[in-house]
Student: 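Before anything else, here's the structure in question.
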There are 2 protein chains.
Amino acid sequence: MGMKKEKEILQKYIAHKRLKLTRQRQFILETFLSMESHISAEELYREVSKREPSIGLATVYRTLHLLSKSGLAQERQFGDGQTRYEHDFNRSHHDHLICTECGDITEFEHPMIEKLQEEIADRNKFSIYTHRLDIYGLCKRCKR
Amino acid sequence: MGMKKEKEILQKYIAHKRLKLTRQRQFILETFLSMESHISAEELYREVSKREPSIGLATVYRTLHLLSKSGLAQERQFGDGQTRYEHDFNRSHHDHLICTECGDITEFEHPMIEKLQEEIADRNKFSIYTHRLDIYGLCKRCKR
DNA sequence: TTTGATAATGATAATGATTATCATCATAAT
DNA sequence: ATTATGATGATAATCATTATCATTATCAAA
Ligand SMILES: [Mn+2]
Ligand SMILES: [Mn+2]
Ligand SMILES: [Zn+2]
Ligand SMILES: [Zn+2]
């Protein structure tokens with residue numbers, strides 16, 4: 001897989017912050033990149049444990065924070081009680097359709113909606129830092 | 001205050017489900033209606049405790065669930081780690097601008113955004129049950 | 001009205017996700 | 001190689017919320 005770029009970004013962030021590049025961090029990053037997006041810390045931990053059972057859950061949490069801060073991951077809350085993480089390298093902003101039946105998450109972009117949000121912000125003299133639009137319902141497989 | 005209608009709704013729900021109308025439930029409803037929206041269970045509990053110190057926190061949680069199921073309250077998550085509740089009687093759908101500095105929450109409605117969401121759902125053969133659009137940033141008082 | 005069935009309450013223990021603590025280990029600069 | 005310091009793994013702590021359970025209150029029936 002082409003995860004060279006991502007590894008470089010992590011190395012750069014680590015160097016800049018005077019942190020250390022550990023075996024665990026590298027392995028957790030590789031595993032994270034090899035998985036689907038929108039995974040929880042627990043799910044990543046289970047996958048990591050398959051090949052590196054000595055890596056602890058706390059380290060997975062710590063590394064996920066590190067990846068978020070370095071721009072490789074993004075934290076998301078979909079209301080199921082746990083934080084989920086998605087890839088955030090070379091990815092543009094998007095929002096989500098969440099199936100309440102099977103948990104499937106579909107991504108979408110809609111520039112017009114984004115633009116209308118600016119309008120709302122202006123109207124309220126509000127300065128937008130970020131936003132999230134989560135649409136809950138039944139995916140095409142679960143409905144009927 | 002005109003909370004007669006709300007009391008009736010609670011009574012009806014309770015009768016329908018063969019539950020019981022207790023002093024606690026009535027007092028918690030009154031207090032809830034007398035407060036601003038978007039409050040947490042803990043905040044409501046503190047307010048309730050001022051006049052009825054014997055009412056327990058668990059009962060506040062239980063009553064908030066009851067109010068949600070009966071259509072008098074709506075649960076919301078704004079990412080601060082606790083569930084917040086807002087009035088939901090005779091209120092139409094709306095979304096929120098959340099100030100990350102002072103915590104202020106402003107409501108807005110935007111029919112065009114709602115319509116565009118339908119478009120996205122159709123495009124993905126997705127059937128919408130609900131959605132939330134949370135816009136985070138600085139309110140007019142906090143920016144600059 | 002009493003009674004009796006059962007739902008509700010308050011105190012508190014339990015839960016589950018996440019974070020903090022700390023002794024030990026690994027990394028990287030010297 | 002040495003050494004300073006950040007990282008790790010195990011586990012305790014935290015915090016919001018839920019479950020448990022003995023006791024009490026409600027309400028419909030008698
Ligand atoms: Mn996504
Ligand atoms: Mn609101
Ligand atoms: Zn589905
Ligand atoms: Zn503000």
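So you know, we letter chains A, B, ... as the sequences are listed, proteins then strands, and number each from 1. As the structure is a computational prediction, the values presented were derived from the model and not from experiment.
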Student: Using a strict cut-off of less than 4.0 Å between a Lys/Arg side-chain nitrogen and an Asp/Glu carboxylate oxygen, indicate whether Glu30(A) and Arg25(A) qualify as a salt bridge.
Tutor: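 Result for this pair is no, no salt bridge flagged.
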Student: Return no unless some side-chain N or O of Arg23(A) is found under 4.0 Å from OP1 or OP2 of dA7(D).
Tutor: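 Indeed not, no polar side-chain atom of Arg23(A) lies that close.
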Student: Has the side chain of Thr83(B) got a donor or acceptor atom that lies under 3.5 Å from a matching backbone atom of Glu75(B)?
Tutor: no
Student: Near DNA chain D, counting only heavy atoms under 4.0 Å, which residues of residues 61-89 of chain A show up?
Tutor: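 Here the set is Arg62(A).
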Student: Taking CD1 from Ile14(B) and P from dC27(D), how many angstroms apart are they, rounded to a whole number?
Tutor: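 Rounded to the whole Å, the gap is 8 Å.
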Student: It should be established whether Arg18(A) places a side-chain nitrogen or oxygen under 4.0 Å from OP1 or OP2 of nucleotide dT5(D).
Tutor: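 The answer is no; no side-chain N or O of Arg18(A) sits under 4.0 Å from OP1 or OP2.
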Student: Under 4.0 Å, heavy atoms only, any strand: does Ser40(A) hit a base, just the sugar-phosphate, or nothing?
Tutor: nothing
Student: Centre-to-centre under 6.0 Å for His93(A) and His131(A), is that the case here?
Tutor: yes
Student: Could you give the start and end, 5' to 3', of the contact zone on DNA chain C for chain A, using atoms under 4.0 Å from its heavy atoms?
Tutor: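 Boundary nucleotides touching chain A, in 5' to 3' order, are dA17(C) to dA28(C).
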Student: For Lys20(B) and Ala58(B), find the nucleotide of DNA chain D closest to each by heavy atoms; which residue's nucleotide sits nearer the 5' end?
Tutor: Ala58(B)
Student: If only side-chain N and O atoms of Thr22(A) are considered, is one of them under 4.0 Å from the OP1 or OP2 phosphate oxygen of dT8(D)?
Tutor: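 So the side-chain polar atoms of Thr22(A) do come within 4.0 Å of the phosphate oxygens OP1 or OP2 of dT8(D), strictly under.
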Student: If you pin Glu42(B) and Leu21(B) to their nearest nucleotides in DNA chain D, which one's is more 5'?
Tutor: Glu42(B)
Student: Look only at the side chain of Ser70(A) and the backbone of Leu67(A), and say whether a donor-acceptor pair between them is shorter than 3.5 Å.
Tutor: yes
Student: Donor-acceptor pair, distance only, cut-off 3.5 Å: does the side chain of Thr59(A) make one with the backbone of Ile55(A)?
Tutor: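 Absent.
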Student: Main chain of Leu44(B), side chain of Glu47(B): is a donor-acceptor contact present, judged purely on distance under 3.5 Å?
Tutor: no
Student: Parallel, tilted or perpendicular for His94(B) and His96(B), by the 30°/60° rule?
Tutor: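 Perpendicular, since the angle between the ring planes exceeds 60°.
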Student: Starting from P on dT17(D), measure out to CG on Leu57(B) and report it in whole angstrom.
Tutor: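 These atoms are roughly 9 Å apart.
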Student: Taking NZ, NE, NH1 and NH2 as the nitrogens, is one of them in Glu119(A) or Arg123(A) under 4.0 Å from a carboxylate oxygen of the other?
Tutor: yes
Student: If you check every side-chain atom of Ala41(B), which of dG9(D), dT17(D), dT26(D) has the closest atom?
Tutor: dT17(D)
Student: Examine distances only and state if a side-chain atom of Glu52(A) and a backbone atom of Ser49(A) form a donor-acceptor pair shorter than 3.5 Å.
Tutor: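 Between the backbone of Ser49(A) and the side chain of Glu52(A) there is no qualifying donor-acceptor contact (under 3.5 Å).
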Student: If we fit an axis to the first five pairs and another to the last five of the helix from dT1(C)-dA30(D) to dT30(C)-dA1(D), what angle do they make, to the nearest 10°?
Tutor: 20°
Student: Can you tell me if His38(A) uses its side chain to pair, donor with acceptor, with the backbone of Glu36(A) under 3.5 Å?
Tutor: no
Student: Hey, does the side chain of Lys140(A) reach the backbone of Ser127(B) with a donor-acceptor pair shorter than 3.5 angstrom?
Tutor: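 No, Lys140(A) side chain to Ser127(B) backbone: no donor-acceptor pair under 3.5 Å.
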